Structure formats: structure tokens, C-alpha cells
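Note that this is a predicted model, so its numbers are computed, not measured.
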Amino acid sequence: MPAIVDKIAEGLHLRKHDSAHADHNSSQVADATSAPAASAAAPQTPVFDHEKVKVFFVLGGPGAGKGTQCANLVNDFGFCHLSAGDLLRAEQNREGSEYGELIRKYIREGQIVPMEITIKLLENAMRAELQKPHESEGWENGGGRFLIDGFPRKMDQAVKFDEDVCLSTSVLFFTTTEEEMLKRLLERAKTSGREDDNEESIRKRFRVYKEQTMPVIEHYSKEGKVATIDATATIEDVHKKAKEIVAKILAGEVGRNITA
């Protein structure tokens with residue numbers, strides 16, 4: 001695996017120090033206890049200033065409605081919505097991508113793609129968006145607002161992104177039952193064309209989510225950054241809750257975990 005990660009790093013033009021640490025990071029056990037050890041290399045300054053660039057991670061189980069609510073919040077607050085899954089799917093389908101089949105295999109098996117790929121794709125997308133002209137509030141003087149959907153899915157991803165790219169502002173955690181998520185995903189499968197929208201892959205994704213993503217929620221809960229939103233209700237009701245919470249966070253009125 002380390003040799004593959006080195007090739008990926010080179011192919012995606014990772015910074016030299018990222019590539020140098022790829023072997024080390026790939027060999028670590030990706031859970032809440034080992035992530036600090038995996039990131040114990042010399043501290044470095046993140047690419048983006050968190051005082052200017054606001055990053056909201058959007059998490060929840062597969063089918064919790066993250067993408068739908070992100071679209072609503074983009075309209076409300078002028079966010080740029082970045083879906084880690086969409087970026088990976090675009091890379092796997094990009095003509096000439098040397099790693100398209102590797103990414104496809106991870107997605108098909110319901111497994112998490114090596115973080116070096118995902119983090120670099122997110123960094124590149126953020127940089128490109130910050131270079132564009134924006135008229136929305138929050139984009140003045142080098143600032144920006146990002147909703148990053150479906151990321152981080154593991155503790156090592158969370159730690160590395162905060163340390164290397166930008167310290168996150170908050171985590172929007174959309175929750176609902178596994179039965180509801182399965183129902184939504186199977187309905188979506190009728191038209192999505194996604195390879196992982198089948199019941200076998202969906203159940204694998206549920207297992208991975210429980211084992212690897214919930215520790216991320218627990219980590220950010222300890223930092224007082226998690227806004228938990230019940231996503232079982234109608235799209236409109238969930239949107240209302242999410243909008244109220246995000247408005248308070250952007251206004252600096254929330255400095256702790258909150259539930260809606």
C-alpha cells in the first residue's frame with residue numbers, strides 16, 4: 001500500500017512534505033487512539049487561515065440527506081459545497097487518470113479511499129474556489145465559506161485536514177435511523193447510476209460508518225464543535241433547523257455542541 005500511496009501522491013502533485021509522510025501515515029491504525037501518533041510529525045502551518053476561511057464538515061450516515069441540505073445552505077449563506085465523494089468520482093472518471101480504477105475499487109467495496117487522495121482533491125478545489133470572484137458575504141478579503149460533505153470519515157483524515165489544510169469551524173451531524181437511510185438509498189439507486197447504490201454496498205457503507213466515522217464525531221464533540229440535527233423529518237423541517245444553527249455559528253453565538 002505505501003508504494004501505491006507514493007504513486008498517488010506524485011500523480012496528484014502533492015506537496016513534497018505530504019509525499020514524504022505518506023508511508024508513515026498509511027502504516028498507522030486509523031482510529032481515535034492512533035491518529036495523534038500518526039500526525040506526530042513536526043507541526044506545520046495549514047494552507048488556509050481558519051480566521052478567514054470557514055470550513056463546516058457535513059457528516060451523517062449514507063442517505064442521511066447531507067447533499068440535499070448542503071444545497072439549501074449554499075443558497076442561504078453563499079457557501080461553496082464540496083462533496084468528497086463527488087470529487088473522487090470525478091477523478092476516477094477523468095480521462096487519463098492513472099488512479100481511476102483504484103478509486104473505483106475502493107468505492108465499489110464500500111471502503112474509504114486513501115486520505116492522501118481525498119485531502120489533496122479538497123485542497124485543490126478550495127484553492128480554485130478562493131481564486132474566483134464572489135459577491136456573497138464571507139468571501140471578502142481572501143475569506144471563504146465551505147461545506148465539505150461526507151468528510152472526514154476517519155480520525156486520521158480529520159487530524160490531517162485540520163493540521164495541513166484548514167482548521168475546521170464546525171461539524172453539522174445529520175442523524176436518522178439505518179432503516180430510513182436504506183430506504184432513501186434504494187430509492188435513489190433507481191436513477192443515480194452510482195456503483196455503490198446497491199444493497200450489498202450500502203450495508204458495507206453502514207458498517208464502515210459505524211466503525212470509522214463515529215469516532216470522528218466523538219472527537220469533535222470533545223472540542224465542542226458538533227451541531228446534531230435530526231434528519232428524519234421532512235426536507236423543509238430539517239432545512240429550517242440547519243439554517244438556524246448555521247446562522248448562529250457564523251454569528252459567533254455558538255461555542256459548544258448543540259442539538260436541534
Practice prompt. Start with the C-alpha gap between Phe48 and Glu123, add the side-chain angles, then the distance that decides, and say whether side-chain contact (heavy atoms from CB on, under 4.5 Å) holds.
Written response: CA-CA 9 Å; Phe48 306 113; Glu123 179 190 328; 4.3 Å; yes
Practice prompt. Evaluate the criterion salt bridge (charged side-chain N to carboxylate O under 4.0 Å, His left out) for residue pair Glu199 and Arg203; output intermediate values, then yes/no.
Written response: CA-CA 6 Å; Glu199 186 163 352; Arg203 293 197 180 279; 3.1 Å; yes
Worksheet item: salt bridge (charged side-chain N to carboxylate O under 4.0 Å, His left out) between Glu200 and Lys204: does it pass, once the steps are laid out?
Response: CA-CA 6 Å; Glu200 182 181 358; Lys204 286 181 181 178; 3.8 Å; yes
Practice prompt. Report the C-alpha separation of Thr68 and His239 in whole Å, then their side-chain angles, then the decisive distance to 0.1 Å, and conclude whether the side-chain contact (heavy atoms from CB on, under 4.5 Å) test is met.
Written response: CA-CA 9 Å; Thr68 299; His239 173 214; over 6 Å; no
Practice prompt. Apply side-chain contact (heavy atoms from CB on, under 4.5 Å) to Leu73 and Val246, showing your working.
Written response: CA-CA 8 Å; Leu73 294 173; Val246 171; 4.2 Å; yes
Practice prompt. Evaluate side-chain contact (heavy atoms from CB on, under 4.5 Å) for Asn72 paired with Ile235, printing each intermediate quantity in order.
Written response: CA-CA 10 Å; Asn72 289 330; Ile235 291 173; 4.1 Å; yes
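No side-chain donor-acceptor contact under 3.5 Å links Ser136 to the backbone of Gly78. Of the possible polar contacts, one joining the Asn257 side chain to the Lys225 backbone as a donor-acceptor pair under 3.5 Å is found. The main-chain N or O of Phe77 is found under 3.5 Å from a side-chain atom of Arg145 such that the two form a donor-acceptor pair. Arg184 places a side-chain N or O within donor-acceptor distance of the main-chain N or O of Ala64, the cut-off being under 3.5 Å. When atom types are taken as modelled, the side chain of Thr232 and the backbone of Thr176 share no donor-acceptor pair closer than 3.5 angstrom.
With hydrogens and angles left out, the side-chain atoms of Thr175 and Asp230 include no donor and acceptor closer than 3.5 Å. In this structure, a donor-acceptor pair under 3.5 Å is absent between the side chains of Asp162 and His50. In this model, no donor atom of one side chain and acceptor atom of the other lie less than 3.5 Å apart for His134 and Glu140.
The line from CZ of Arg207 to CD of Gln212 is 12.0 Å long, rounded to the nearest 0.5 Å. Between the NZ atom in Lys52 and the CH2 atom in Trp139 there is a gap of 14.0 Å [rounded to 0.5 Å]. In this structure, CD on Gln92 lies 13.5 Å from NZ on Lys105, to the nearest 0.5 angstrom. Here the straight-line distance linking atom CG of Leu122 with atom CD of Gln157 works out to 9.0 Å at 0.5 Å rounding. The CD1 atom of Ile258 sits 9.0 Å away from atom OG of Ser170, with the distance rounded to the nearest 0.5 Å. Note that CD of Glu91 and CG of Leu102 are 10.5 Å apart. Values are rounded to the nearest 0.5 Å.
Hydrophobic cluster membership differs between Leu59 and Leu185, with clusters built from Ile, Leu, Val, Met, Phe, Trp and Tyr side chains linked at under 4.5 angstrom. No continuous path of ILVMFWY side-chain contacts below 4.5 Å connects Phe206 to Val113, so the two sit in separate hydrophobic clusters. In the hydrophobic clustering of ILVMFWY residues, with side-chain heavy atoms under 4.5 Å counting as a link, Met115 and Met126 come out together. Note on Val171: it clusters hydrophobically with Ile119, by side-chain heavy-atom contacts below 4.5 Å among ILVMFWY residues. Ile217 and Val55 end up in the same hydrophobic cluster when Ile, Leu, Val, Met, Phe, Trp and Tyr side chains are linked at under 4.5 Å.
The only member of Phe79, Phe151, Phe146 that meets ring-ring contact (aromatic ring centres under 6.0 Å, His included) when paired with Phe56 is Phe79. Here the rule is ring-ring contact (aromatic ring centres under 6.0 Å, His included) with Phe57, and of Phe161, Phe174, Phe173 only Phe161 fits it. With Thr259 as reference, Thr228 is the one residue of Ile245, Thr228, Ile229 to meet the side-chain contact (heavy atoms from CB on, under 4.5 Å) rule.
The nearest pair of heavy atoms linking Gly143 to Leu130 is O-CD2, 3.5 Å. Of all non-hydrogen atoms in Tyr220 and Ala158, the two that sit nearest each other are OH-CB, 3.4 Å. Between Cys70 and Leu147, the closest heavy-atom pair is O-CD1, 3.7 Å. Taking all atoms of both residues into account, the shortest heavy-atom contact from Lys210 to Pro215 is O-CD, 4.2 Å. Among all heavy-atom pairs drawn from Pro152 and Thr213, the shortest one is O-CG2, 4.2 Å.
Looking only at side-chain heavy atoms (C-beta outward), His81 and Ser83 come within less than 4.5 Å of each other. Side-chain contact between Ile202 and Arg205 is present, with at least one heavy-atom pair separated by less than 4.5 Å. Side-chain atoms of Ile112 and Val208, non-hydrogen and from C-beta on, do get closer than 4.5 Å to each other. With a 4.5 Å cut-off on side-chain heavy atoms, Arg104 and Asn93 count as touching. Using a 4.5 Å heavy-atom cutoff, the side chains of Leu88 and Leu121 are in contact.
Counting non-hydrogen atoms of neighbouring residues, nucleotides and ligands closer than 6.0 angstrom, the CD atom of Glu253 exceeds 12 such neighbours. Summarising the local packing, CG of Leu186 is surrounded by more than 12 heavy atoms from other residues, nucleotides or ligands at distances under 6.0 Å. By the 6.0 Å contact criterion, CD on Glu223 is enclosed, its count of non-hydrogen atoms from other residues, nucleotides or ligands being greater than 12.
At a threshold of 4.0 Å, the pair Glu179-Lys183 does not count as salt-bridged, since none of the basic side-chain nitrogens sits closer than that to a carboxylate oxygen. For Lys160 and Glu163, the salt-bridge test fails: no basic side-chain N is under 4.0 Å from an acidic carboxylate O.
Residues that satisfy the salt bridge (charged side-chain N to carboxylate O under 4.0 Å, His left out) test with Asp86, not counting sequence neighbours, are Arg89.
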